[in-house]
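Read through the structure below, which is laid out as C-alpha cells, and then see the notes.
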Amino acid sequence: MGCAPSIHVSQSGVIYCRDSDESNSPHQTTTISQGTAATLHGLFIKTDAAETIPSVITYQSRHSRNNSHRDRKENSGGHICIEAETQTSHTSVKVSATEECVGPMRLTQEPIQVLLVFAKEDSQSDAFWWACDRAGFRCNIARTPESAVECFLDKHHEIIVIDGRHSRYFEPETVCRLIRATKPSENTVILAVVPQKPPDQDEPSVLPLLCAGFSRRFVENSSVSACYNELIQIEHGEVRCQFKLRACHAIFTALEQCQEAVEITSEDHVIQYVNPAFERMMGYHKGELIGKELTELPKSDRNRADLLDTINTCIKKGKEWQGIYYARKKSGESMQQHVKITPVTGQGGKIRHFVAIKRPHIDNNNQVNQTMCNSLHHRDRRKDSIDARSLSSRGSDAPSLQNRRYSSVARIHSMTIEAPITKVINIINAAQESSPVTVAEALDRVLEILRTTELYSPQLASKEDDPHTNDLVGGLMSDGLRRLSGNEYVFCKNMSQSQLAIPITLNDVPPSIAEMLNDEECWEFNILELEAATHKRPLTYLGLKIFTSFGVCDFLNCSEATLRSWLQLMEASYHSSNSYHNSTHAADVLHATAYFLRKERVKNNLDQLDEVAALIAATVHDVDHPGRTNSFLCNAGSELAILYNDTAVLESHHAALAFQLTVRDSKSNIFKNIDRNQFRTLRQAIIDMVLATEMTRHFEHVSKFVNSINKPMASVNSDCEGQANNRNSPENRLLIKRMLIKCADVANPCRPLELCIEWAGRISEEYFAQTDEEKRQGLPVVMPVFDRNTCSVPKSQISFIDYFITDMFDAWDAFASLPGLVEHLSENYKYWKRLDEMKCKSLRPPPPS
Ligand code: AMP
Ligand code: ZN
C-alpha cells in the first residue's frame with residue numbers, strides 16, 4: 001500500500017517529509033528539522049515531547065490508482081506543500097467534486113479537507129486519518145497550534161479535529177480560539193475530541209467548548225468506523241450548510257455593489273439589511289436602520305393616502321408590488337422612487353422576508369431628477385461652512401463640472417427657504433401621479449397659475465439669531481414701516497443735471513483704456529482699474545464696448561453717438577459721492593450681465609430684445625441712488641417714499657428716472673427709432689428687471705426660478721444636458737431675466753478676492769454713513785450692526801453670503817454653469833470666515849507684528 005511522498009516546508013523553516021510506502025500508519029518516516037518544534041512553538045507545547053515531531057503531515061486521500069499526480073503549491077509565505085495522490089484499496093471511494101445548489105445558484109464542492117490537530121500520534125489520530133481516507137477526504141495533521149493555524153490558512157479545511165484529551169501539549173480551547181480568530185474559519189466545523197467520562201462522573205457540559213468556538217464534541221473512540229461516521233455526518237450536515245453559506249458571500253458582494261437600493265425586511269417589516277446604494281439614496285447609515293421597524297421611520301406625506309394599504313394588501317398575499325412611491329430621506333426631503341417589493345417565502349410557504357428594490361423615479365412632470373442627486377449629501381454652508389465643491393457627488397470619475405452641477409441641484413432641492421407655495425406645487429404634482437387625465441389637466445392649469453402669479457411668500461420669521469443677518473434682512477427687505485414722520489430726506493434731484501456739465505468726449509478712447517477693455521469678457525475683469533483709468537466714468541466706456549458687442553445700436557436703430565450720449569447721461573446721474581452705489585457699481589453690474597448673457601444656456605433661452613433689455617436695465621438699475629436704503633427713505637418720509645407709497649421706492653425711482661432722462665432729449669434717446677410696440681415691450685422688460693433688484697422680493701424671485709426653471713430642467717435627463725433650451729416661454733424668460741439681473745447686482749462676493757474685499761468695504765462704508773446720519777437726525781437706526789465703531793465686516797459678509805448669495809448662486813450656477821464664480825464665492829467665504837475666527841472686524845487681517 002503506497003502513498004507518495006508528502007513534503008511540507010513550514011514558514012518556520014522546518015521541513016518534513018513523509019514516505020508513502022509505510023504500512024497502515026500515517027507516521028512520518030523522515031524528518032529533516034532545522035530547529036526543534038519545542039523551541040519554535042514553545043508557547044504552545046508544554047513539554048519537549050515533540051522535539052522530532054513534524055509540525056504538519058499532509059495526507060492526500062488515495063483515489064486515483066497508480067497516480068503520479070503531484071501538486072506543488074507555493075504560497076506567499078514561502079510555504080511549500082507537495083501533495084501526492086495515490087490510490088487506496090478502500091472501497092468507500094468518493095467522487096472528488098460534488099454539486100450543490102443554493103437557490104438558482106449551482107456550486108461545485110471540492111473534496112473535503114480535514115485538519116487533525118494532534119500533538120502526538122496515537123490510535124485516535126490514526127482512526128481519524130483512516131476515516132478520512134475512507135471518506136475520500138484530504139487530510140493534514142498538525143502537531144502544534146501554530147502549525148495548525150498556518151496549515152489552515154493555507155488550505156481552509158472544512159473540518160478541523162482538535163485533540164482535547166490531554167492538556168499537556170496545548171489547550172484545545174486555545175487552539176480553537178486561535179483558528180476562530182482567522183477569517184476563513186467562519187465556515188469551518190471544528191470538532192473537539194474529548195476523553196471518555198469516568199463512569200462515576202456526570203456528563204460534562206458542552207457549553208465551554210461551544211463558547212471556545214467548537215461546533216461539536218466527539219467522545220474519544222479509536223474505531224475508524226466511529227470516526228468515519230462522525231466525519232460523514234458532519235459532511236452531510238453542517239459542512240454542506242456552511243458550503244452553501246459561503247456562497248452567500250458572493251450574493252452579498254453583488255448586493256453591496258449593485259446600483260439599485262436594496263432593503264430586506266422580516267415578515268413583520270423589521271429592517272434586516274440595506275445595501276450601500278440604499279444608504280446613499282436615503283442618506284442614512286445602515287446602523288440607523290437595521291433592527292428598526294419600517295413604521296418607525298419618517299414617511300413622506302406626499303403619497304396617496306391609501307397607497308400603503310394597497311401595497312400591504314398585495315405583498316401580504318405573497319404577490320409582488322411595483323410602483324411609484326414617495327420616500328422621506330433622512331434630510332427630510334421627499335423623494336420619488338420606483339419600488340418593487342417581493343415577498344420571500346421560507347419554511348412551510350410562510351413569508352419570511354420582503355425584498356424591496358428601489359431606484360429614483362424620473363418623470364417629466366416631476367420637478368426633481370432624483371438620479372442626479374440620489375447620492376448627494378447636502379450640507380448647508382450656513383450651518384457648517386463647507387466648501388461648495390466638497391459636496392459629494394455621484395461618482396468619483398464623473399467630470400468635476402458635472403459634479404458641481406449635481407451638487408448645485410442637490411442644494412436647490414434641499415434649500416431651507418422653501419416657500420409654502422413650493423410645498424403646494426409638490427403636493428399637486430404628487431396628486432397628479434395618480435389622477436385621471438381630466439383631473440391631471442386641471443391640476444396643470446392650477447400649477448401654471450401658481451407658478452406665474454405673485455403668491456410667493458418666503459418664510460423668514462426667526463430664521464437667524466445673528467444680528468448681522470437680522471439687520472441686513474430688516475434693512476434690505478423691509479419697506480420701512482417704522483417710518484417716522486417729519487424727518488424729510490433731502491433728495492438731490494438736480495444732481496444729474498449738474499454732473500452733466502462735465503464734458504466728455506469719447507471719440508478717441510485712450511489706448512490704455514481700450515487695452516483694458518480687451519479683457520471685458522473675462523469674469524476676473526478689474527472694474528476698479530477701469531474706474532481709475534476713466535476718472536470714475538467706467539460705465540460709459542464699458543457700456544460702449546459691451547453695447548457694441550451685443551449689437552444694441554443695430555437693434556435699436558440708433559447711432560453710436562446717441563448711445564454715447566445716453567451712456568454719459570446715465571453715468572452722470574449716478575452719485576459719484578456714494579461709496580458703493582455709484583456708476584462703478586452700475587458698470588460692474590453691466591459687466592456681470594454681459595458675462596451671463598454670453599453663457600450658452602442663457603443665450604439659448606433669451607432673444608435679442610431680452611439681451612438689450614438686460615443691458616439697459618443693468619446700466620440704469622441704480623441710477624440716482626442716494627446711498628441710502630429704502631427703509632431709510634421711508635423712515636425719513638422722503639419725497640420719493642411718499643411718491644412711491646413706501647413700496648419699492650428706490651427701484652421704482654431708478655426705472656422711472658431712467659425713462660424720464662432718456663426720452664427727455666432726442667440727442668440721448670436711444671429708443672427714438674423703434675416702433676411703439678417694440679418700445680413698450682422693451683420698456684416693460686427693463687422695468688421688470690430693475691424692479692426685480694428690490695431685495696424685499698429676493699426669495700420670491702429665487703423660489704420661482706428654482707421651481708420653474710431649475711427643477712424642470714433637472715428632470716430632463718442629465719444625459720441631454722443642452723436639451724433644455726426650448727423652455728423659452730415668456731413667463732420663464734421673465735424669471736431668467738430677473739434672476740440674471742439679481743445675480744449680476746450682487747455678484748461682488750463672487751468676484752476675485754481683491755475686488756470682493758473692495759466692494760465689501762464700499763457697501764459697509766455706505767451703510768456706516770447711513771447709520772451716522774440716522775443717529776444725527778434721530779431716525780431709527782435701520783441696521784445697528786453697521787456702526788463704524790463696532791461693526792464686524794467679516795461677520796456681515798458671512799451673513800450676506802449665507803442669507804442671500806449661496807442659494808441664489810447655486811440655482812443660477814445650476815442653470816448657467818458658472819464654475820469660476822462658485823469657486824471665487826467659496827474662497828471669499830473662507831476668507832471672511834478666517835478673519836472672523838481671528839476675531840478680526842476689518843476688511844483685512846492685521847499686518848504681522
Ligand atoms: P442694489 O441696491 O440694486 O445694488 O441692490 C443690492 C442690495 O444688496 C443692496 O441693498 C446692497 O446694499 C446689498 N449688497 C450688495 N452687496 C453687498 C455686500 N457685499 N454686503 C452686504 N450687502 C450687499
Ligand atoms: Zn445695484
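By convention here, the first residue in the shown sequence is residue 1. Counting starts at 1 for both ligands and their atoms, in listed order.
Considering each of L650, D745, V690, the one bringing a non-hydrogen atom nearest atom 4 (O) of ligand 1 is D745. Comparing F800, W759, Y767 by heavy-atom distance to atom 11 (C) of ligand 1, the nearest is Y767.
Taking both residues in full, the closest heavy atoms of R738 and A692 are given as CG-CB, 3.7 Å, listed atom of the first, atom of the second, then distance.
The number of heavy-atom neighbours closer than 6.0 Å to CZ of R788, taken from other residues, nucleotides and ligands shown, is above 12. When the shell of 6.0 Å around NZ of K536 is examined, it contains 12 or fewer heavy atoms from other residues, nucleotides or ligands.
Among heteroatoms of the N, O or S kind in D745, OD1 lies nearest the Zn ion (ligand 2). For D622, the N, O or S atom closest to the Zn ion (ligand 2) goes by the atom name OD2.
Remark: minimum distance from atom 10 (O) of ligand 1 to any protein heavy atom is reached at L476 CD2, 3.1 Å. Residue, atom and distance of the protein heavy atom nearest to atom 8 (O) of ligand 1 are V746 CG1, 3.6 Å. For atom 20 (N) of ligand 1, the closest non-hydrogen atom of the protein is Q797 NE2, 3.0 Å. Nearest protein neighbour of atom 2 (O) of ligand 1, counting heavy atoms only, is H581 NE2, 2.7 Å. Annotation: atom 15 (C) of ligand 1 to nearest protein heavy atom, Y580 OH, 3.4 Å. The protein heavy atom nearest to atom 7 (C) of ligand 1 is M695 CG, 3.9 Å. At the shortest separation from atom 16 (N) of ligand 1 among protein heavy atoms lies N748 ND2, 2.9 Å.
Ring geometry for H654 against H625 counts as parallel: the plane angle stays under 30°, on a 0 to 90° scale with 60° as the upper cut.
In this structure, H585 counts as a contact residue of ligand 1, since one of its heavy atoms falls inside 4.0 Å of the ligand.
For F815 and W812, the gap between ring centers is short of 6.0 Å. With ring centers used as reference points, Y580 lies 6.0 Å or more from Y767. The aromatic ring centroids of W523 and F596 lie less than 6.0 Å from each other.
At a 4.0 Å heavy-atom cut-off, ligand 1 touches D622 through the side chain alone.
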Step-by-step ring-ring contact (aromatic ring centres under 6.0 Å, His included) determination, H575 to H581: CA-CA 7 Å; H575 299 200; H581 285 102; over 10 Å; no
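Taking 2.8 Å as the threshold, H585 counts as a candidate ligand of the Zn ion (ligand 2), since one of its N, O or S atoms lies below it. For a distance bound of 2.8 Å, the N, O or S atoms of H621 include one lying that close to the Zn ion (ligand 2).
Close approach of ligand 1 to H621 is summarised as follows: ligand atoms under 4.0 Å from at least one heavy atom of the residue are 3 (O).
For N732 (side chain) and S729 (main-chain N/O), no donor-acceptor pair under 3.5 Å exists by modelled atom type.
There is a side-chain donor-acceptor pair under 3.5 Å between Q770 and E774.
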